[in-house]
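Each residue takes its place number in the sequence, starting with 1.
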Amino acid sequence: MYLAKRKNGNYFIAYYDEIENRTRRVTTKTKIKKEALKFLSEFNANLEANQTIIEFITLQKYLNQYVEFIGNTHSKSYLRSIKLSFNQLISFTKPAISLKQITVRIAQQFISEVHSRSKYGSHLYLRTLKAGFNRAVEWDYLTENPFKKVKLPRSPRAFPKFITESELEIICNKTEKTTLKDLFQFAFYTGMRLGEITNLKWNAVDLTAKTILVCNTEQFTTKSKKERIVPISKKLFNLLNRRIPKIISIKNDEYIFSKMKGIKFNEDYISKSFKKAVRAAQLDDAIHFHTLRHSFASNLVQRGASIYVVKELLGHGDISTTQIYSHLQKENLVNAVNLL
C-alpha cells in the first residue's frame with residue numbers, strides 16, 4: 001500500500017486486494033500531504049478490520065444469514081428461488097468461496113453460462129442475486145454489488161395469459177371446496193398476489209367504504225413494500241358479505257381465507273389446487289394461479305381502464321411492469337377506429 005499524487009494534485013492510495021486479486025485505488029480527496037497521510041492511516045486500519053470479518057464470510061454462510069433474515073417476510077416460493085440461485089452460483093465457483101471473491105467478471109460469466117441454457121433462468125438468477133448482494137452491501141460485507149454491472153440480452157416479452165369470467169366459472173365448477181372457489185374468484189376480482197390474499201385479515205376490509213387495504217404487517221411484507229387500496233366491486237362485495245364472520249369488529253384479526261379458524265392456507269396447496277382444477281376443466285395448461293392477477297389487469301384494460309390506474313391497483317413500483325398489458329389497449333384503439 002502506498003500514497004501517490006494524481007496530475008490534478010490530489011493524493012490517492014494504491015493497494016493490492018488479495019481477495020479480489022487486483023490493484024485498487026482510493027482517492028483521499030485532498031492535496032495536502034498531512035491530511036492524505038492521516039487518511040492513509042485510518043484507511044489501513046479499517047481495511048484490516050474489514051478483511052478480518054470478510055475473510056470468514058463464505059457465500060454459503062451469507063446465504064444462510066440472508067434466508068434467515070427474510071424468512072418471515074417473503075413467500076416460500078421466493079425463498080426457494082433465493083436458495084436455488086445462490087446454490088447454482090456456489091456450484092459454478094467453489095464451495096468455500098467468500099462473498100468478497102465474487103467479482104463482476106465471475107458474476108457475468110455465471111449469468112452468461114446460465115443464459116446459454118435458459119433465458120428465463122438467467123433473468124431469475126440475476127434478479128434474485130442482485131437483490132441478495134444489495135443486502136450484503138447494506139450489511140457492509142461488500143462495498144459494491146458485482147451483479148449490478150451484469151447485462152443480459154433483452155428477450156422478447158411474451159404477452160401474459162389471461163382468462164375470462166366464463167373460464168373462471170368452469171374452473172370453479174371443477175373445485176369441490178367452497179373456500180377455494182371463493183379464493184379463486186377473490187383473486188380474479190382484486191388482482192392481488194397469492195401471498196397478499198393468504199395473509200389478508202378482516203380488519204383490512206371496509207365493507208362500508210368498499211375498500212381493501214393491502215398492507216404490511218409484522219408477519220407479512222408486500223412485494224413493493226408499499227401499501228395500496230383495492231376497491232371492492234359489486235360481485236366481490238357479495239362474495240365477502242357471504243363469508244363475513246358472525247361477529248366482526250375493526251380489531252378482528254381472522255384470516256378471510258383459512259384452512260380452519262386461525263390457520264392460514266399454504267400457498268403451494270392453493271396453487272396446486274388451482275392447477276388441478278384447470279386440468280380437470282381441460283383448459284390451457286399454461287394457466288396457473290398468477291393468471292388470475294393477469295386476468296384482473298387484462299380485463300380492466302380491455303374495458304378502457306388506463307394503464308396508470310391498473311399500475312396502482314396492482315401495486316407495481318414501475319409503470320414499465322404494467323406496460324405488458326398495453327397491447328390490449330392498442331387493440332381497443334384499432335377496434336374503435338374500425339367502427340368508423
Side-chain angles (χ1 to χ4, degrees), residues 63 65-83 85 124 127-139 145 182-184 186-233 236-237 239-240 243-245 248-259 261-271 289-290 292-294 296-297 300 308-322:
L63 169 60
Q65 290 182 3
Y66 182 48
V67 169
E68 182 180 2
F69 179 76
I70 67 171
N72 295 325
T73 57
H74 291 71
S75 68
K76 290 182 179 180
S77 60
Y78 185 67
L79 292 177
R80 282 198 299 270
S81 296
I82 290 172
K83 292 177 183 177
S85 301
L124 173 65
R127 285 198 309 272
T128 307
L129 291 168
K130 190 181 291 184
F133 275 70
N134 275 340
R135 184 70 65 178
V137 173
E138 291 175 13
W139 288 350
N145 184 345
D182 289 348
L183 194 153
F184 298 162
F186 183 91
F188 184 87
Y189 291 119
T190 63
M192 288 171 59
R193 299 180 179 92
L194 180 52
E196 294 171 342
I197 297 173
T198 57
N199 285 278
L200 186 66
K201 296 182 177 181
W202 281 106
N203 54 18
V205 177
D206 188 336
L207 290 176
T208 302
K210 294 186 177 180
T211 58
I212 296 170
L213 175 63
V214 183
C215 58
N216 300 309
T217 65
E218 292 182 2
Q219 295 77 32
F220 176 75
T221 304
T222 63
K223 186 175 181 180
S224 65
K225 298 181 176 60
K226 296 180 181 179
E227 299 185 348
R228 71 183 189 278
I229 296 292
V230 177
I232 298 174
S233 65
L236 187 59
F237 179 85
L239 185 155
L240 291 171
R243 295 192 58 83
I244 195 168
I248 187 169
S249 70
I250 195 168
K251 296 181 179 179
N252 194 301
D253 63 351
E254 288 184 27
Y255 293 109
I256 293 181
F257 302 99
S258 59
K259 193 172 183 179
K261 189 174 182 180
I263 302 177
K264 69 176 182 178
F265 273 119
N266 178 282
E267 292 179 29
D268 286 341
Y269 168 74
I270 293 174
S271 294
F289 188 87
H290 202 69
L292 297 172
R293 179 170 163 84
H294 289 314
F296 171 78
L300 283 176
Y308 292 92
V309 170
V310 176
K311 170 186 174 294
E312 296 303 315
L313 290 172
L314 292 178
H316 285 161
D318 194 316
I319 189 64
S320 62
T321 308
T322 324

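- Residue pairs meeting the salt bridge (charged side-chain N to carboxylate O under 4.0 Å, His left out) criterion with at least one partner in residues 70-83, sequence neighbours excluded, are Arg80-Asp268.
- Of all heavy-atom pairs spanning Trp202 and Leu240, the tightest one is CH2-O, 3.4 Å.
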### Message
Run Val205 and Ile232 through side-chain contact (heavy atoms from CB on, under 4.5 Å) and show every step you take.
### Response
CA-CA 9 Å; Val205 177; Ile232 298 174; 4.1 Å; yes

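- In this structure, the side chains of Leu183 and Ile256 stay at 4.5 Å or more apart for every pair of heavy atoms.
- Residues Phe186 and Leu292 fail the side-chain proximity criterion, which asks for heavy atoms closer than 4.5 Å.
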### Task
Take Val230 and Leu236 through the side-chain contact (heavy atoms from CB on, under 4.5 Å) test and state the conclusion after the steps.
CA-CA 11 Å; Val230 177; Leu236 187 59; 5.6 Å; no

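- Not counting sequence neighbours, the partners of Phe296 by the side-chain contact (heavy atoms from CB on, under 4.5 Å) test are Leu300, Leu313, Leu314.
- Partners of Thr198 by side chain to side chain donor-acceptor pair (under 3.5 Å), not counting sequence neighbours: none found.
- Qualifying ring-ring contact (aromatic ring centres under 6.0 Å, His included) partners for Phe184, counting only residues two or more places apart in sequence or in other chains: Phe274.
- Residues meeting the salt bridge (Lys or Arg N to Asp or Glu O under 4.0 Å) test with Glu68, sequence neighbours left out: none.
- Ala187 approaches Ile197 most closely through the heavy-atom pair CB-CD1, 3.6 Å.
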Solution key, residues 211-220 side-chain donor-acceptor pairs under 3.5 Å, sequence neighbours excluded:
unit_1: Asn216; atom_1: OD1; unit_2: Thr222; atom_2: N; d: 2.8
unit_1: Asn216; atom_1: OD1; unit_2: Thr222; atom_2: OG1; d: 3.2
unit_1: Asn216; atom_1: ND2; unit_2: Lys225; atom_2: O; d: 3.1
unit_1: Thr217; atom_1: OG1; unit_2: Gln219; atom_2: N; d: 3.3
unit_1: Thr217; atom_1: OG1; unit_2: Phe220; atom_2: N; d: 3.0

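- Sequence neighbours left out, the pairs with a member in residues 188-206 that pass salt bridge (charged side-chain N to carboxylate O under 4.0 Å, His left out) are Arg193-Glu196, Glu196-Arg228.
- Between His290 and His294, the ring-plane angle classifies as perpendicular under the 30° and 60° cut-offs.
- Here the NZ-OG1 distance, from Lys223 to Thr73, works out to 14.0 Å after rounding to the nearest 0.5 Å.
- Every residue two or more places apart in sequence or in another chain was checked for a side chain to side chain donor-acceptor pair (under 3.5 Å) with Asn266, and none qualifies.
- Counting only distance, with no hydrogens or angles, the side chain of Asn145 and the backbone of Lys130 share a donor-acceptor pair below 3.5 Å.
- For Phe237, there are no ring-ring contact (aromatic ring centres under 6.0 Å, His included) partners two or more places apart in sequence or in a different chain.
- At a threshold of 4.5 Å between non-hydrogen side-chain atoms, the residues Arg243 and Phe257 count as touching.
- We find the CG-NZ distance between Leu200 and Lys264 to be 11.5 Å, quoted to the nearest 0.5 Å.
- One distance of note links OG of Ser75 with CG of Leu194; it measures 8.5 Å at 0.5 Å rounding.
- The line from CZ of Phe265 to OH of Tyr255 is 12.5 Å long, rounded to the nearest 0.5 Å.
- The side chain to side chain donor-acceptor pair (under 3.5 Å) check on Asp318 picks up Ser320, with sequence neighbours excluded.
- In this structure, His316 has no ring-ring contact (aromatic ring centres under 6.0 Å, His included) partners at least two apart in sequence or on a different chain.
- Applying the side chain to side chain donor-acceptor pair (under 3.5 Å) criterion to His74, with sequence neighbours excluded, gives no partner residue.
- Contact check for Arg135 versus Phe69: side-chain heavy atoms found under the 4.5 Å cut-off.
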